[in-house]
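Protein chains get the first letters and strands the later ones, always in sequence-line order, with residue 1 at the start of each. Because only heavy atoms are used, hydrogens play no part in the values below, and waters and symmetry mates are left out as well, while side chains stay in.
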Amino acid sequence: MSDVEEQQKNREFKTDDDFDTEFFKRIENRSNIMKCIQCGTCTASCESGRWTALKTRSIVRKVVLGDLSVLDDPDIWLCTTCYQCYERCPRDVKPTDVIMELRNYATKRGNISPNHRAVVGYLKNFGHAVPINDEVRKRRVELGLEELPPTAFKYKQEGDDKDLKKIEKYMFDLPPVKEEKKGEEK
Amino acid sequence: MTVEEKVKKTDEIKGGADSKEAEEEPRIGVFICHCGHNIAGTVDVAKVAEYAKTLPNVVKAEHYMFMCSKPGVQMLKDSIEELGVNRTVVASCSKNQHGRTFANAIQEEGLNKHRHQQVNIREFNSWVHQKEKDKATEKAKKLVEAGVNRARKLEDVETRRIATTKAALVIGAGIAGLRASYDLAELGIPVYLIERLSTIGGHMTQLNKTFPTLECPQCSISPLTNGVANHPLVELYTNAQIKNVGGSMGNFEVEVEIKPRYVKDNCTSCGECSAHCPVEVPSEWDSGMSIRKAIYKAYPQAIPATFVRDKKNCIECNTCVNICPVKAVDFSMETETKTFKVGSIVVAAGYDEYDPSEIEPYHYGQKGFEDVITQLKLERMLAPGSLTNSQVLRPSDAKIPKSVVMIQCVGSRNDQVGNEYCTGVCCKFAIKNARIVKEMYPDTDVTICYIDVRTPGLNFEELYKSAQEVGVRFIRGRPSEIVRDPISGNLKVIVEDTLSMTPLQLKADMVVLSAAMVPPEGIGPLGSKLQVLRSKEGFLKEFHIKMNPTLSSKGGIFIAGAIQGPKDISESVAQAGNAAAIAAAPLVKGYIEKEMLIPSVDLDLCVRCGLCKTVCAPAAIQINDDGTPMVNEVACKSCGMCMPACPTGAIQLLNFSDKQLLDEIIPIAGGGAVCEDEL
Amino acid sequence: MVKEHTFAFFLGCIMPNRYPAIEKATKFVMEKLGYEILEMERATCCPAPGVFRSFNKFDWMVAGARNLCIAEQLDADILTVCNGCFGTLQEINKHLKENEEHRIQVNEKLKLLGDYEFKGIIDVRHVAEVLGYEVGPWGIEDHIVRKLNLKAAIHYGCHFLKPTRIREIESSEGPTIIEDFVEALGIESVRFKEQLTCCGAGGGVKAYSGDASMTIFGEKMKNIDEVKPDIILDICPFCHLQFETGQDYLNKNKECNYDYPVFHLSQVLAYCMGMDVDFIGLQYQMMGRDFIFGGEDVKKEEAI
Amino acid sequence: MSCEDIEPEVMEKIQDIVVFMCNECGQGSANTAGVARMAYNPAIRIVRVQCTGQVGPIQIMDALNNGADAVACVGCCLGACHFFNGNILSMHRIKLLKKVFKELGYSDQFVNQYTSRAAEGETAVGDFEDLVIRLSNAIREEGTIKDGC
Ligand SMILES: Cc1cc2nc3c(=O)[nH]c(=O)nc-3n(C[C@H](O)[C@H](O)[C@H](O)COP(=O)(O)OP(=O)(O)OC[C@H]3O[C@@H](n4cnc5c(N)ncnc54)[C@H](O)[C@@H]3O)c2cc1C
Ligand SMILES: Cc1cc2nc3c(=O)[nH]c(=O)nc-3n(C[C@H](O)[C@H](O)[C@H](O)COP(=O)(O)OP(=O)(O)OC[C@H]3O[C@@H](n4cnc5c(N)ncnc54)[C@H](O)[C@@H]3O)c2cc1C
Ligand code: SF4
Ligand code: SF4
Ligand code: SF4
Ligand code: SF4
Ligand code: SF4
Ligand code: SF4
Ligand code: SF4
Ligand code: SF4
């Protein structure tokens, strides 16, 4: 990298080239998002943001500006979907939905944490995000319940895996692990 | 012509209508103007004139250098005299430019001026098609033919004079209503002033000091309240409501219901009755901050000074009746209904403060949140002679708060509660009050949480600065909620300081909500009685936001003050003055002059569906008992909107009827039906 | 019309696979109250709104619609016990009923998963809402055999009431539905600071960043500890899990010393309606194992 | 695209366009355009009406039936109608008409609604240009309205 390029990369300011005004044009509810007045009600409501780096308002701002860096921002994964901002935003921006949608785009780019990847695996294999274990099987029997609940997993155990096979095949296709991101994930 | 001559002249041309019957054979004179090179440089005017000659009923077709010149106009006049031309078509510039010149010219010859048809071949043709001379000429021909077609069926439009009733009615006696009443009365017009409360002055009397100068509102308003109350031409009715409104512009009949005060005018305001009355209720005027009796006077300077009994809360113990030294209390008084004949109505019904309990995270009005108040309540606390003795004391424990947080845009700029507008006044009054509080208690932290500070205009940014100077803290962020510690009872305001991107939890001994100004209670029924339209927020809608912000959707009904939308006092007063002036104009003049360019209804075609009434914004169409529509010729604004609403084409605007428009359309649309069999 | 007094019982993940006692209790309660409970065979995860919707909203809708179809085939409204399941299924159900375009797209994809077609004929209910509004505190009196005398810190969780415009149950800023109901059981709700905030588990945060999740939760526990309730009462197995594992985590890592028993509404109600204490399942939980319900037996005559 | 880009074969088919312009901003803007000598297609023929709210399906069908290639209404800006809300009524009416046109299998570009500002001739000329461009697209795709007969 030449000196000039290096300097360019470290600059503090942004130029129009840093924004992609096209990308977010397809976002749902866009007209409302563009009406955000940056009042901060969302951030002030945010139960996660009080303790973490998540600043809801600035996420909405980045969407308005077309700042795609928001898709690589780990903060979007800190929203607990408590809907407090959604309830209170005076301009009906629905920030929770915005964040959920950003996560969809981020996932497509391969920005998905290993733990989340594992949860998708569980769904495909067991039909559950939290699969059963031996301990609980025992408890179920003690409580007088069937050892396995009558969900898709039970049928798989009984040799009928037509449901889970299809779910595995057709649902929640994740992109391959992003190379350079690997080390960064917590 | 001098102004006096002009006045005389308009007086002469009144019902010049009934001149000639429209039945006779049309004889049309067509005049094509060169306008020097302006038209003739592009359009072959001679060819156009030749073409015009071939059209039916055209008895003369000429082209001339400058039609608007004296000789040009004379050509027009001569044709009437010499050839018996009874309709003229001038193809020259726009209707605005010289249309009127020619119309007036034929009027001078005794023809109704509506028999002139102006065809614009300059702005609409030669000037915009300079490079396409042939096409421009062809277009000019078509335009002229269209004009001739239109001229053929033009009918006379009568100009009528309607005498007006020289009196006005003003609804609402806030600052706007008072100003309008006073100005009207000073123009010599008798005024009936209708106020629904027992006192006049409106919200202004509740305020402590008014921005930007921080003067005492009582002092500024009392010359006006007294002036109005004592004006020989103003009849004041308090405890009064509008019941019914009939008639139209120039001549309304308004029925007003006046509830009794139960105290006669000989009351000396001694206060004995009130002192002994056993019933106590929160004072509405004091925004619930103090207690009043069932027989009371809202506040010491209240006008009228006569006491009033609140029948709803009275337990009829008769103490007051017996104690009154002048025997003024009289329970036998009854509700009266009066009918007033007036020429104009001014609506100045003001506003209400928004009730913030709808915004749940702020917990206004809930148990444990007594220290969350509104700005109007704070004004009442600070005002002279208040319950707190003009001190700021928190309601929960009557202590001076060490921290006051004000929250802006409560109920304004909020899509969720449906008030999208910015009230525009609350930034100013919050800054005013913040500064006053900070100056009174320098040790108290005063914070304003805002989204934007909106202080436009002379003196207001200065006010903002002055509050910053005394140490009011401004935080840019809209609080998400007010939380109360269930153990200590302390309040905290949660807000993001958006400028530093920090979520904050502000300690607040007292929270003041800058609540929006919203339409006053009861505006719905009042609006429908007056038949005026309202904006989607519920305020009365002005006829045109820029050109006519004081006229309502209906002629003869004017709006002043906060009823049209949130306003501060200066704006309310300014609008009230304007409303008075334009409301007075037809009354001073004594008549309304109106061209009867109105629709007529063909009762054979009309199916009595009433659809025409629904689209008529000025409410000019009434439905008779038998279901037939009737056009009020005074109220109609000649917009023609009723025409397409009618399923049978029964209602047709004079000179703009479907048939007349079709005549005009045929030549310019290409001429002749395309596929007759199908359509 | 769907069958009356009948529910397709949607289990979800955490309840059957971690806290089966809640499942037991819910079945017990609903059957005693006269409802028929149908099993939703071959159901899957709802799928969880925080995680799966984050990855692919469309697939989330399809998978949710698949579960809805199973209930539609049973001709019964869905009963959920978990805020997450409720959130997902109620929202997808409502959305697909209203949005024809999405309904067509979802049905297209559902064909790949088997013989499913979303019709939009059922509703999705949460047990707390059925108890609070349908059975009601007025209707539960007759069924109670044991009345408690407890102070509870009630946790509503987020997705039961919010987004209010979609759930249409009650305002989320000052709800009282559970308070009103448990009062009939002799449970007093103690107000604590920031009572209505999130437990920190949702939105995939628990999986994504345990630290962040625990920080949010730690504050919650601190506020609860200030008022010293007897129990923590929730209406969602995921919150339940957070309260259980979270206390343990704070004790081990943040020098706390919490031991509050955590109960789902179904569990305390089952106790009051006479279910054997062993089936309540406290012995399987991590916290408050020494807790004793106590309370008095309500004599039949008195109850009537 | 601009009007210059329209191929002559298509332009050939654009001969008569009837534009109903209200007495206020509509006429005003066209006058202003004229004063500023802003050229536009001579196929544009303006009919003066009181308010666009006055123009109904009758007038529009009259124009088309008599050979117009397209019809448009030009009124004041929304919210600034000099007769209160005529332009909004007209807008709804034209939306409905567009639907009807579509259902009958015609392009919905043969009838349009515009707004303009009296002081700005370019608003009127912009409307006219847009009108011609839309019409040219429609003609290219589906032929003229006369072809549909
Ligand atoms: C907290 C606060 C502080 C303010 N401070 C300032 C300030 O410092 N400076 C400033 O310029 N402005 C201030 N304002 C704004 C100011 O109050 C208004 O601009 C002004 O009062 C508007 O006057 P009005 O006559 O239009 O309305 P109002 O004062 O509301 O008067 C309307 C009158 O009409 C009556 N009425 C209503 N409906 C009917 C009916 N149906 N029939 C008969 N009568 C009816 C009402 O009873 C009332 O008397 C403040 C406003 C608030 C809320
Ligand atoms: C860029 C800009 C955009 C704007 N946009 C809007 C808008 O969108 N909407 C809006 O509502 N407002 C707008 N405004 C504000 C609007 O222009 C003013 O509110 C309005 O023009 C004020 O009208 P006026 O009659 O008071 O003053 P002016 O329009 O200035 O008229 C004053 C007249 O007095 C004459 N005059 C001055 N001195 C003398 C003298 N000594 N003797 C005789 N005659 C004299 C002047 O020549 C002039 O003709 C805008 C203003 C600006 C600068
Ligand atoms: S609350 Fe709404 S308007 Fe305010 S900053 Fe957040 S997203 Fe924007
Ligand atoms: S929904 Fe997410 S972003 Fe919104 S307040 Fe809750 S945690 Fe914060
Ligand atoms: S009448 Fe109009 S067009 Fe003719 S000369 Fe006069 S200004 Fe020009
Ligand atoms: S009514 Fe009688 S007692 Fe009451 S204030 Fe008037 S004069 Fe005095
Ligand atoms: S009669 Fe009524 S107003 Fe008079 S003193 Fe008794 S309660 Fe008061
Ligand atoms: S004036 Fe200020 S406080 Fe009032 S609505 Fe406008 S911005 Fe908000
Ligand atoms: S023309 Fe028709 S719609 Fe217009 S004001 Fe007159 S009656 Fe009403
Ligand atoms: S719309 Fe036409 S048919 Fe209906 S009432 Fe009016 S005039 Fe009669």
Looking only at N and O atoms, which donor-acceptor pairs between chain C and chain B are within less than 3.5 angstrom?
{"from": "S171(C)", "atom 1": "OG", "to": "E360(B)", "atom 2": "OE1", "distance (Å)": "3.0"}
{"from": "S171(C)", "atom 1": "OG", "to": "E360(B)", "atom 2": "OE2", "distance (Å)": "2.7"}

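Summarising the local packing, CD of E98(C) is surrounded by more than 12 heavy atoms from other residues, nucleotides or ligands at distances under 6.0 Å. At most 12 non-hydrogen atoms from other residues, nucleotides or ligands lie less than 6.0 angstrom from CD of E183(C).
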